Novice: 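Dropping the structure in here first, questions after.
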Amino acid sequence: MTRTLIPALLGALALAGCTTYTGTPAQAPPIEPGSIVWPTTPFDCSTLAAEPDKPAELPEGAGRITLCNEPGHPIELVPPPDALVEDPLAVVAAYHDQEHADLASMACTADLGPAYRLVVEYPEGQVVTLRGELYGCRVVGDKTGAQHVLDAFTQALATQRQTQPPPEVDPLAGAACGHNLGGGSWIAAAMDDTVAGYRCLADDADPVLLGADDWATLRDDWAANAHEGPRTGDELADCTQSTADVLTGVTPWGEGLSLHGLCGVFESWPTRGAEPWVWRPGPAASEVLARQG
C-alpha cells in the first residue's frame, strides 16, 4: 500500500462510521472495538512506571500492542518503532495458550537476559502490561512461555509490515560505534531487509556511513557468498587483527544486523543462539570495503 493511499483509506473508514484513536489511553472514547482505527504509533514506553500485571487471562477486544523494554532492566534492546494493530488477537491467543507459572515448582536457569514489557491497549482506555523474561523461569505475566508470546508478536508484526509503510525516519540516525544494533533489536533483522549500513573499525571510532548503493553491493555479495557455519580454524590461525571490523546493516524500521570481520572474513548471528553465518566478500564488495576503510 502506498503512503498516498493511507490517508484516503483512513478518511473513508471515518466516513463509514469508524473512529481513528490518536489520544492517550485515558482519552480513548468508550466505543465498540470494531469501530476504532488504531494507528501504528506505539504506546509511549517512557511512561511505564507501574508494576506489570499478571492476569490469568487477557480481556477481549485488544486493539493495539506495543513492545517496550522492561523499565530499569540492565539489558535493553532496540524496540520496534511501530505497534501491532492488525492482529493483536494472535498475541492474546498465544498468551492464553501458555500454562500458569507456578514459580514454586518450576526449574529455572541462573542466568540473565533481556526482559520486555508488552503494553496491551483497549478501546475503552484500559491498559494491561505484561513483563516477559527471556531468562530464569521465562515467565510472561502469569504464564510460562515468554519466548512464545514474543514470537507471536514479532510474527504478527512482520505480517503487518507487508502492508504498512515504514516510519519516515532516517534508519542511520542511531548509528554509533561501541553499541551496534546487531543482536540488539527485539525484532531480528534479516540481511535481505537492510537498506543502508555503517562501519566501525574500532569501538571508539566514528561510524562510517554507507549509502544505499554501496550497501546494496555488500548485501548482494552477501546473498551470493554467505553460508551457515563457523569459519575455519586455518583462517584464524594466521589472523593477527585484534579489533573486529563491524558492519551493521539497518532496516527501514531501524533494526540492525551486524557482521563481525577479522582478516577479511565476516560472521553474523541472524538468529540468537543459532550457528553463525560466514561471509567472504567477493571482488565488488571488497572494492567497497577498501574504498570505505
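Because only heavy atoms are used, hydrogens play no part in the values below, and waters and symmetry mates are left out as well, while side chains stay in. Everything numeric here is computed off the predicted structure, so don't read it as measured data.
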Novice: Would you sort out whether F153 and L67 count as a side chain to side chain contact (heavy atoms under 4.5 Å, CB included), showing the intermediate values?
Specialist: CA-CA 8 Å; F153 175 88; L67 176 63; 3.6 Å; yes
Novice: Run V140 and R131 through side chain to side chain contact (heavy atoms under 4.5 Å, CB included) and show every step you take.
Specialist: CA-CA 5 Å; V140 53; R131 174 187 170 102; over 6 Å; no
Novice: Checking side-chain polar atoms at under 3.5 Å, does D193 have a donor or acceptor matched by the opposite partner on W253?
Specialist: no
Novice: Look up atom CG in D82 and atom CD in Q164, then write down how far apart they are to the nearest 0.5 Å.
Specialist: 8.5 Å
Novice: Please check if W215 and W277 belong to a single hydrophobic cluster, counting links between Ile, Leu, Val, Met, Phe, Trp and Tyr side chain heavy atoms closer than 4.5 Å.
Specialist: yes
Novice: Would you please say whether a donor-acceptor pair under 3.5 Å links the side chains of D151 and Q147?
Specialist: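 A pair is found: one side chain offers a donor N or O, the other an acceptor, under 3.5 Å apart.
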Novice: If I take atom CD from residue E76 and atom SG from residue C45, how far apart are they, to the nearest 0.5 angstrom?
Specialist: 10.0 Å
Novice: Please find the pair of heavy atoms, one from S268 and one from L259, that lie closest to each other, and give the distance.
Specialist: CB-CD2, 3.4 Å
Novice: Starting at CD of E70, measure out to CZ of R117 and round the result to the nearest 0.5 Å.
Specialist: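 Rounded to the nearest 0.5 Å, the CD-CZ separation comes to 4.0 Å.
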Novice: What heavy-atom pair brings S185 and G256 nearest, and what distance separates the two atoms?
Specialist: OG-N, 3.4 Å
Novice: Rounded at 0.5 Å granularity, tell me how far CG in L150 sits from CG in L130.
Specialist: 12.0 Å
Novice: Going only through I, L, V, M, F, W and Y residues with side-chain contacts under 4.5 Å, is there a path from Y116 to L77?
Specialist: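 Yes, one cluster joins them.
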Novice: Check whether D170 reaches the backbone of L172 with its side chain - one donor and one acceptor, N or O, closer than 3.5 Å.
Specialist: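 Indeed, once roles are kept as given, a pair shorter than 3.5 Å links the two residues.
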Novice: Verify whether one side chain among T251 and T194 offers a donor that lies under 3.5 Å from an acceptor in the other.
Specialist: no
Novice: When you measure from the side chain of Y122 to the backbone of G61, do you find a donor-acceptor pair of N or O atoms at a distance under 3.5 Å?
Specialist: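 No, because the side chain of Y122 does not come within donor-acceptor range (under 3.5 Å) of the backbone of G61.
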Novice: Check R219 against V195 and note the closest heavy-atom contact, atom names and distance.
Specialist: NH1-CA, 3.9 Å
Novice: Does the side chain of V119 reach to within under 4.5 Å of the side chain of C68, using non-hydrogen atoms?
Specialist: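 Yes. Closest side-chain heavy atoms under 4.5 Å.
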Novice: Any heavy-atom pair between the side chains of K143 and E99 that's under 4.5 Å?
Specialist: no
Novice: Would you mind checking if R199 and D206 are paired as a salt bridge, meaning a charged N to carboxylate O distance below 4.0 Å?
Specialist: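 A salt bridge is absent here (no side-chain N lies under 4.0 Å from a carboxylate O).
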Novice: Would a distance-only check, ignoring hydrogens and angles, find a side-chain to backbone donor-acceptor pair under 3.5 Å from Q160 to A83?
Specialist: yes
Novice: Could you tell me if the side chain of S105 sits less than 4.5 Å from the side chain of D102, heavy atoms only?
Specialist: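 Yes; the side chains approach each other to less than 4.5 Å.
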Novice: Side chains of D192 and W222: do they bring a donor and an acceptor to under 3.5 Å?
Specialist: no
Novice: For a side chain to side chain contact (heavy atoms under 4.5 Å, CB included) check, start with the C-alpha distance between I65 and E121, then their side-chain angles and the critical distance, and finish with the verdict.
Specialist: CA-CA 6 Å; I65 301 179; E121 297 178 82; over 6 Å; no
Novice: Under a 4.0 Å N-O cut-off, is there an ion pair linking R161 with E255?
Specialist: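 Judged by the 4.0 Å cut-off on N to carboxylate O distance, R161 and E255 do form a salt bridge.
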Novice: Are any of the side-chain heavy atoms of P171 and P252 separated by less than 4.5 Å?
Specialist: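 Counting from C-beta outward, P171 and P252 never come under 4.5 Å.
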Novice: Would you say L58 and V128 make side-chain contact, with heavy atoms under 4.5 Å?
Specialist: yes
Novice: Do T144 and M106 have side chains that approach each other closer than 4.5 Å (heavy atoms only, starting at C-beta)?
Specialist: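 Yes. Closest side-chain heavy atoms under 4.5 Å.
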Novice: For the residue pair T109 and R138, confirm or rule out a side-chain donor-acceptor distance under 3.5 Å.
Specialist: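 Distance-only check passes for T109 and R138.
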Novice: Nearest heavy-atom pair of P80 and W186: which atoms, and what distance?
Specialist: CD-CB, 4.4 Å
Novice: For F266 and W279, take the angle between the two ring planes, folded into 0 to 90°, and tell me which bin it lands in: parallel under 30, tilted 30 to 60, perpendicular over 60.
Specialist: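 Plane angle between 30° and 60°, so tilted.
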Novice: Any sub-3.5 Å donor-acceptor pair from Y95's side-chain atoms to P55's backbone N or O?
Specialist: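 A pair under 3.5 Å: yes.
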Novice: Side chains of D214 and T217: is there a donor and an acceptor less than 3.5 Å apart?
Specialist: no
Novice: Would you name the heavy atoms of G264 and P281 that are closest together and state the gap between them?
Specialist: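 Closest approach of G264 to P281, heavy atoms only: O-CD, 3.2 Å.
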Novice: Measure across P207 and A175 and return the closest heavy-atom pair with its distance rounded to 0.1 Å.
Specialist: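 Shortest heavy-atom contact: CG-O, 3.8 Å.
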Novice: Do L210 and L247 make a side-chain contact, defined as non-hydrogen atoms from C-beta onward lying under 4.5 Å apart?
Specialist: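 L210 reaches L247 side chain to side chain.
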Novice: Is there a path from V139 to V120 through hydrophobic residues (I, L, V, M, F, W, Y) whose side chains come within less than 4.5 Å of each other?
Specialist: no
Novice: Is there a side-chain contact between D87 and T159 in this structure, where contact means two heavy atoms from C-beta onward sitting under 4.5 Å apart?
Specialist: no
Novice: Roughly how far, to the nearest 0.5 Å, is the SG atom of C177 from the CG atom of L201?
Specialist: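 That separation rounds to 7.5 Å.
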Novice: Where do E86 and T163 land on the side chain to side chain contact (heavy atoms under 4.5 Å, CB included) test, with the steps shown first?
Specialist: CA-CA 10 Å; E86 291 192 355; T163 57; 3.2 Å; yes
Novice: Please report the interatomic distance CG(L289) to CG(D245), rounded to the nearest 0.5 Å.
Specialist: 7.0 Å
Novice: Consider only side-chain N and O atoms of H148 and Q98, and report whether a donor and an acceptor are under 3.5 Å apart.
Specialist: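 No donor-acceptor contact under 3.5 Å links the two side chains.
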Novice: For E51 and T129, what are the C-alpha separation, side-chain angles and deciding distance, and is it a side chain to side chain donor-acceptor pair (under 3.5 Å)?
Specialist: CA-CA 8 Å; E51 289 295 313; T129 70; over 6 Å; no
Novice: Is the side chain of Q241 donor-acceptor paired with the backbone N or O of C263 at a distance under 3.5 Å, no angle test?
Specialist: yes
